[in-house]
Amino acid sequence: MIPVVTIDGPTASGKGTVAHRVAQALGYHCLDSGALYRLTALAALQRHQALDDAKALGEIAARLDVRFAGQKIYLEGVEVSLGLRAEEVGSSASKIAVFPAVRTALLERQRAFRMAPGLVADGRDMGTVVFPDAQLKIYLIASVEARVQRRTKQLIENGIIANMSSLLHDLRERDARDTQRAAAPLVKAEDAVTIDSSELGIEEVVAQVLDCAAKRGLGSAP
Ligand code: DC
């Protein structure tokens, strides 16, 4: 059985960075499942597809022509790594993620990332729906204030102009949508370990996750 570490949590809780570092430390592959929802949203926006047509959006998700090459992400052969991080794409991703047709279309694509020697997957339903048999499940939370600060910093670093009050509004809206939807809502898996990163730096969170992983015998042998 190929081991999986899942890291679920709300927007801007630091999941992406933590998942990346943990994957590096363990020598595992990494799946940023949010990128698949963002790619579906971006493809829909590019086609001027209405974001409330579940069937059409499910078809877009099923036919996504994407390629992950290290940190770079390509949609239909065009690099979209930076464009994917835009807030409009993130909130559109959250809107289309409510549809079971979209989620089902992306399910096998996500499971295909489970390759030896192991996988670290981050998202909202990694531990509950996509990899319910994961060897380690982390539920990463942080206060709204800490998350707004982080997201602002992240956007500025990517050269995107950020407005804190609209970010706060967007973040609350996305939290509500991601936790209250009927299909695979963001919820802590029963067997997940909760880490609150509000007062912790990335390194400390990574160390805690690696500690949990070591206790379960995960990672490369010394
Ligand atoms: O993690 P992120 O911010 O890149 O994700 C963007 C949106 O995609 C998020 O608001 C909800 C959706 N999503 C999801 O529904 N399930 C996942 N496993 C990952 C993301």
Side-chain angles (χ1 to χ4, degrees), residues 4-20 23 30-45 51 54 57-58 60-61 64 66 68 71 73 75 80-114 119-132 134 137-142 144 146-148 150-155 158 160 162 167-189 192 197:
V4 181
V5 175
T6 59
I7 305 181
D8 288 307
T11 292
S13 56
K15 314 181 291 301
T17 314
V18 171
H20 232 86
C30 194
L31 164 64
D32 166 9
S33 65
L36 289 170
Y37 288 91
R38 286 171 182 264
L39 282 158
T40 306
L42 183 61
L45 292 170
L51 298 184
L57 292 165
I60 290 178
L64 267 191
V66 301
F68 291 85
Q71 298 277 66
I73 305 176
L75 175 62
V80 292
S81 325
L82 259 187
L84 271 194
R85 309 307 339 154
E87 283 307 292
E88 188 199 0
V89 179
S91 65
S92 302
S94 161
K95 286 179 192 155
I96 63 152
V98 303
F99 298 119
V102 171
R103 308 200 70 84
T104 307
L106 296 178
L107 196 57
E108 288 314 316
R109 222 184 255 265
Q110 294 172 83
R111 289 189 175 147
F113 280 80
R114 189 173 197 165
L119 176 69
V120 179
D122 85 75
R124 305 291 185 293
D125 61 342
M126 296 296 98
T128 49
V129 175
V130 182
F131 302 109
K137 299 179 185 179
I138 303 290
Y139 192 61
L140 187 60
I141 56 170
V144 172
R147 291 187 287 132
V148 167
R150 278 184 205 151
R151 179 50 55 87
T152 308
K153 190 164 166 267
Q154 197 180 43
L155 290 172
N158 286 333
I160 299 170
L167 271 180
L168 183 64
H169 176 260
D170 181 55
L171 206 116
R172 289 215 160 102
E173 211 177 74
R174 278 173 67 182
D175 278 356
R177 203 164 32 228
D178 293 349
T179 52
Q180 287 162 25
R181 67 181 177 223
L186 168 64
V187 60
K188 178 182 178 289
S197 74

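The residues of the chain are indexed from 1 along the displayed sequence. Just follow the structure's listing: the first ligand is 1, and inside any ligand the first atom is 1.
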Return each pair, listed once, that meets side chain to side chain donor-acceptor pair (under 3.5 Å) where at least one residue sits in residues 89-100; pairs must be two or more places apart or across chains.
Ser94-Arg177, Ser94-Asp178
With the side chain counted from C-beta on, respond yes when Thr152 and Leu167 share a heavy-atom pair under 4.5 Å apart, and no when they do not.
yes
Nearest 0.5 Å please: distance from the CZ atom of Arg111 over to the CG atom of Leu106.
12.0 Å
Under 4.0 Å from ligand 1 - residues by heavy atom, chain and number
Lys15, Ser33, Gly34, Tyr37, Arg38, Arg85, Ala93, Ser94, Ala97, Arg103, Gly123, Arg124, Asp125, Met126, Arg174, Asp178, Arg181
Residues at least two apart in sequence or cross-chain that pass side chain to side chain donor-acceptor pair (under 3.5 Å) with Gln180, listed by chain then number, are none
Hey, are Arg150 and Thr11 close enough side-chain-wise for a donor-acceptor pair under 3.5 Å?
no
Sequence neighbours excluded, which residues qualify as side-chain contact (heavy atoms from CB on, under 4.5 Å) partners of Ala93?
Tyr37, Arg38, Ala41
